[in-house]
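Reminder, nothing fancy here: chain letters follow the sequence lines and each chain counts from 1. Side-chain atoms are counted along with the backbone in the values below, which use heavy atoms only and exclude waters and symmetry mates.
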Amino acid sequence: MAYNHDVIERKWQHYWKTHKTFKADIDTTKPKYYALDMFPYPSGQGLHVGHPEGYTATDAISRMRRMQGFNVLHPMGWDAFGLPAEQYALKTGHNPKDFTAQNIKVFKHQIQSLGFSYDWDREINTTDPKFYKWTQWIFEQLYKKGLAYEDKIMVNWAPDFMGGTVVANEEVVDGKTERGGYPVYRVPMRQWVLRITKYADRLIDDLDDVDWPESIKEQQRNWIGRSEGASIFFDVDRHPDAKIEVFTTRPDTLYGATYMVLAPEHDLVNQITTPAQKTEVEAYQEEVSRRSDLERTDLNKDKSGVFTGAYGINPVNGKKIPIWIGDYVLASYGTGAIMAVPAHDERDWDFATKFGLEIIPVIEGGDVTTAAFTEDGPHINSDIVNGMDKKTAIHTMIDWLEEHHAGDKKVNYRLRDWIFSRQRYWGEPIPVIHWEDGESTLVPEDELPLRLPASKQLEPSGTGESPLANIDDWVNVVDENGRKGKRETNTMPQWAGSSWYWLRYMDPHNDDAIASSEALNYWSPVDLYIGGAEHAVLHLLYARFWHKFLYDIGVVPTKEPFQKLVNQGMILGANHEKMSKSKGNVVNPDDIVSQYGADTLRLYEMFMGPLEDSVPWDEKGLHGSNKWIQRLWRLMIDDNNHLRDRVTTYNDGKLTKVYNQTVKKVTEDFSRLHFNTGISQLMVFVNEAYKVDDLPVEYMEGFVKMISPIMPHMAEELWSQFNESETIAYQKWPTYDPAQLVEDEVEIVVQINGKVKSHLKVAKDAAKDDLEKLALADEHVQKNLTDQTVRKVIVIPNKIVNIVAK
RNA sequence: GCCGCUGUGGCGGAAUUGGCAGACGCGCUGGACUCAAAAUCCAGUUCUCGCAAGGGAGUGUGGGUUCGACCCCCACCGGCGGCACCA
């Protein structure tokens, strides 16, 4: 009978569930393997075909590792705080908690229908107070170490978004919110901030120790943006008490500094501006402050600025240079002030050209009247560094500056501290109380978790604060001395829970610690982490930051959380475009499961191309995967659902070679996550098996084991026919006999001038001389060599003979 | 503009170390089975000339290194992703 996926998949999913087949416990006699998926946000849309691609890959590795004797931790959970639930609640009057619970139910059901070998006893949920108790606990440790602080800072304020909210820099794209596309303005506001910049160097340097895609490492390095240079101090003419510190990566060009620019928000601007320039400067400051980020970005092609009337003094030559303000200098980077070297910096060149400022070349080469010259070359017009190249000149100049107390070596980062508060209800409450006397205290650890108050009806506060601000009996507190206080109404961003969740899976029910040190020591680190490339910087940077902090306070045993990281590619629509509702090319995994079964979907997604690549969905290819599943079922199973008689203990040796090749290739390819090529070898084996009369039981058992990581339901059903054990999940992974792969005869290629002319079967390891003779004697070769003289013969034993002739 | 990745049949892709380009699958063509169709099984399928034997071309383009290049080097073109006044 034909394979009935419906019945068989349900049967084995039920078996795994009732037998807790994939329950993981610490077992120090076995090596551990931790395979992790990026846990999903349970959206109302349900699962997308993109989700199961990564999930199937980690599942296949988990299943293979179990069979190879590893103790495997393979968990799943829910990143369930998030904006959509809050928006839904505000819109409909429902509670985000119930809405989220419903979504999780749908997601879980869908995920379970795909037969993943998760240990569901370890399921976690970031919105569960038992989980966020520890998110809050980590926040308190950060606070105690001075890594969490409050600050009135310029934030990205999106007034039209959710009754007004603040979003992180990372969530702003082209001056608009990433979600919703609402305009964003820069305004000062009190925020919680995490001092991630303190870890900047380690976040860059430790990338060298992990097995991650180079592109992700590069993106993180760029995001952190370490740049090495110097701080230089400029005196201000007629202001003996003022000093301007600038950051530059090119201290060697100091003699070419012909003016300075301060950010319009710079503290010294008001102090040094001359009365004559005051009106103009203030008008410019006012204009700039009203610009949104969008406008600033859009207008940046054309540089703007105003002269302050003041002059700085170049420390190296005492020259007076004008001080301008301009918004191409950012207040938030470096010191908010620069020395401008228009001859050798494009931005400065544009500005100088527009405002007619002096341009002095200090490096030979190029023509500074037409463009800035940014290449290396011997220095000129530069007394102490004349003739030197860039590198030498930088060193020399820094030495000079340090000797004369006019500057020093300095490293700067693009990375800013992490704005950690959101004006939302549906997030982890920040466990802080602000007292009427001005003191702020943490909620004591033994009172955690600080729970979100249940609320029937969420309403925007209308003030830009979180909806929590309206819930009086939660916000207002009184201590034992009658002192009144208010709870912090900001909540944590969605990144909080995902910054440590992989640790909780190791010991998910522990009420005394984020996880026991026994569990942390045994399971750490994550051996394989698979997820989408969209988390290249944010999630993965925050997670590494928290992990390093927990390492520093002795909680976790490793410096890095994720040893190996892989980004699965996107599954595109059949038209090669990104799947989206509006394009009508979305494929729903539920439909595939009901039509073809989970094994077909899993097989297809692993076979369609390399895991890391984006590949278009192809209905025909999916159908082909199902055809192959049916084909291999028919190979072994007869019309009465029994093993065919061809499956026998008799081994005529016809499949020996291809079987051993298959074990080798499948084991190696799967280990490297090259599922598409491993599967193609399984197909080769089936094609060969169709050509022979007898199918040795030994090989067929090994074959069924090899398909089990990809097609676990069918594998279990076939395995049950052998009556060896109840489940295949912990059967020993097959091994191959290298002796069976050695040939005594090999086919070598004969080329003339690099073109293949003939093939020869020769004894393995035949001597070079013999190969040369054989090749030259070959009929085809002879024919092709008429009228030609052999100049040279290259012989690579067991591979090739190349005859060079003219 | 800068950084990273990438380019192979009609399509998805393979080629682990510089050594037979196109494994495997889809599609297509033919055959077997069938009254017929579907399904299945078998064979063929880079392009091109040729009845065939056999020949020629061929891994984005142009050059180079090499006995030999999808693979290494240089320049260019296209696609994808990231960053984008970060001094």
Inset, instruction - Report the residue (A:Glu346 or A:Ala337) whose heavy-atom-nearest nucleotide on RNA chain B is the more 5′ of the two. - result: A:Glu346

Legend entry - Along RNA chain B (nearest heavy atom to each residue), the more 5'-positioned of A:Ser215 and A:Leu415: A:Ser215

Inset, instruction - Quick one, give me the B/S/- string for nucleotides 6-18 of chain B, reading 5' to 3', where B means a protein heavy atom under 4.0 Å from the base and S means that only happens at the primed atoms, P, OP1 or OP2. - result: ------BSS-B--

[atom1] spacing across the pair [N] / [M], given as an integer number of angstrom:
{"N": "B:G44", "M": "B:C35", "atom1": "C1'", "result": "28 Å"}
{"N": "B:G18", "M": "B:U59", "atom1": "C1'", "result": "15 Å"}
{"N": "B:U45", "M": "B:C24", "atom1": "C1'", "result": "15 Å"}
{"N": "B:C77", "M": "B:A39", "atom1": "P", "result": "49 Å"}
{"N": "B:C42", "M": "B:C26", "atom1": "P", "result": "12 Å"}
{"N": "B:U65", "M": "B:G56", "atom1": "C1'", "result": "26 Å"}
{"N": "B:U17", "M": "B:U6", "atom1": "P", "result": "14 Å"}
{"N": "B:G19", "M": "B:C71", "atom1": "P", "result": "11 Å"}

Inset, instruction - Identify whether NZ of Lys or CZ of Arg in A:Arg416 sits under 6.0 Å from the centre of the six-membered ring of A:Trp223 and within 45° of that ring's axis. - result: no

Over how many whole Å does the gap from [X] atom [atom1] to [N] atom [atom2] extend?
{"X": "A:Trp212", "N": "B:G81", "atom1": "CH2", "atom2": "C1'", "answer": "17 Å"}
{"X": "A:Glu605", "N": "B:G25", "atom1": "CD", "atom2": "C1'", "answer": "16 Å"}
{"X": "A:Lys691", "N": "B:C41", "atom1": "NZ", "atom2": "C1'", "answer": "12 Å"}
{"X": "A:Leu771", "N": "B:G19", "atom1": "CG", "atom2": "C1'", "answer": "14 Å"}
{"X": "A:Met711", "N": "B:G25", "atom1": "CE", "atom2": "P", "answer": "13 Å"}
{"X": "A:Phe247", "N": "B:C85", "atom1": "CZ", "atom2": "P", "answer": "17 Å"}
{"X": "A:Phe685", "N": "B:G25", "atom1": "CZ", "atom2": "P", "answer": "15 Å"}
{"X": "A:Asn687", "N": "B:C41", "atom1": "CG", "atom2": "P", "answer": "9 Å"}

Which is true for [X] with a 4.0 Å heavy-atom rule: it touches a base, it touches only sugar-phosphate, or it touches nothing?
{"X": "A:His759", "answer": "base"}
{"X": "A:Tyr413", "answer": "nothing"}
{"X": "A:Ser625", "answer": "nothing"}

Legend entry - Heavy-atom side-chain proximity of A:Ile323 to A:Leu262 below 4.5 angstrom: yes

Inset, instruction - Taking the side chain as every heavy atom from C-beta outward, state whether A:Asp770 and A:Lys768 have any pair of such atoms under 4.5 Å apart. - result: no

Inset, instruction - Kindly label the base of B:G9 as syn or anti, based on whether its glycosidic torsion lies within 90° of 0. - result: syn

In Watson-Crick or G-U wobble terms, both distances under 3.5 Å, what is the partner of [N]?
{"N": "B:G81", "result": "B:C3"}
{"N": "B:G22", "result": "none"}
{"N": "B:A75", "result": "B:U61"}
{"N": "B:G30", "result": "B:C42"}

Consider the side chain of [X], meaning its heavy atoms from C-beta on, and name the nucleotide among [options] that approaches it most closely.
{"X": "A:Val684", "options": "B:G4, B:G56, B:C24", "result": "B:C24"}
{"X": "A:Lys627", "options": "B:C83, B:G25, B:C26", "result": "B:C26"}
{"X": "A:Val756", "options": "B:A87, B:C83, B:A21", "result": "B:A21"}
{"X": "A:Lys620", "options": "B:G27, B:C20, B:A87", "result": "B:G27"}

Inset, instruction - May I ask you to check whether A:Phe373 and A:Trp349 place their ring centers less than 6.0 Å from one another? - result: no

Legend entry - Centroid separation A:Phe351 to A:Trp324 less than 6.0 Å: yes

For [N], take OP1 and OP2 only and decide whether either is under 4.0 Å from a side-chain N or O of [X].
{"X": "A:Tyr328", "N": "B:A87", "answer": "no"}
{"X": "A:Arg631", "N": "B:C41", "answer": "yes"}
{"X": "A:Arg634", "N": "B:C41", "answer": "yes"}
{"X": "A:Arg221", "N": "B:G4", "answer": "no"}

Name the pairs: protein N/O against N/O of nucleotides 63-74 of chain B, kept only if under 3.5 Å.
residue: B:C67; atom: O2'; partner: A:Asn802; partner atom: ND2; Å: 3.2
residue: B:C67; atom: O2; partner: A:Asn802; partner atom: ND2; Å: 2.7

Charged N to carboxylate O below 4.0 Å: is that the case for [X] and [Y]?
{"X": "A:Arg226", "Y": "A:Asp201", "value": "yes"}
{"X": "A:Asp252", "Y": "A:Arg250", "value": "yes"}
{"X": "A:Asp208", "Y": "A:Arg221", "value": "yes"}

Legend entry - Distance, nearest 0.5 Å, that separates NZ of A:Lys665 from CG of A:Leu682: 10.5 Å

Inset, instruction - To the nearest 0.5 angstrom, please state how far the CD1 atom of A:Ile61 sits from the NZ atom of A:Lys564. - result: 9.0 Å

Inset, instruction - Indicate yes or no for a side-chain donor-acceptor contact from A:Tyr596 to the backbone of A:His5 under 3.5 Å, with no hydrogens or angles considered. - result: no

Just distance, no hydrogens or angles: give the donor-acceptor pairs under 3.5 Å from side chains in residues 572-579 of chain A, sequence neighbours left out.
residue: A:Asn575; atom: OD1; partner: A:Glu577; partner atom: N; Å: 3.2
residue: A:Asn575; atom: OD1; partner: A:Asn585; partner atom: ND2; Å: 3.0
residue: A:Asn575; atom: ND2; partner: A:Glu577; partner atom: OE2; Å: 3.2

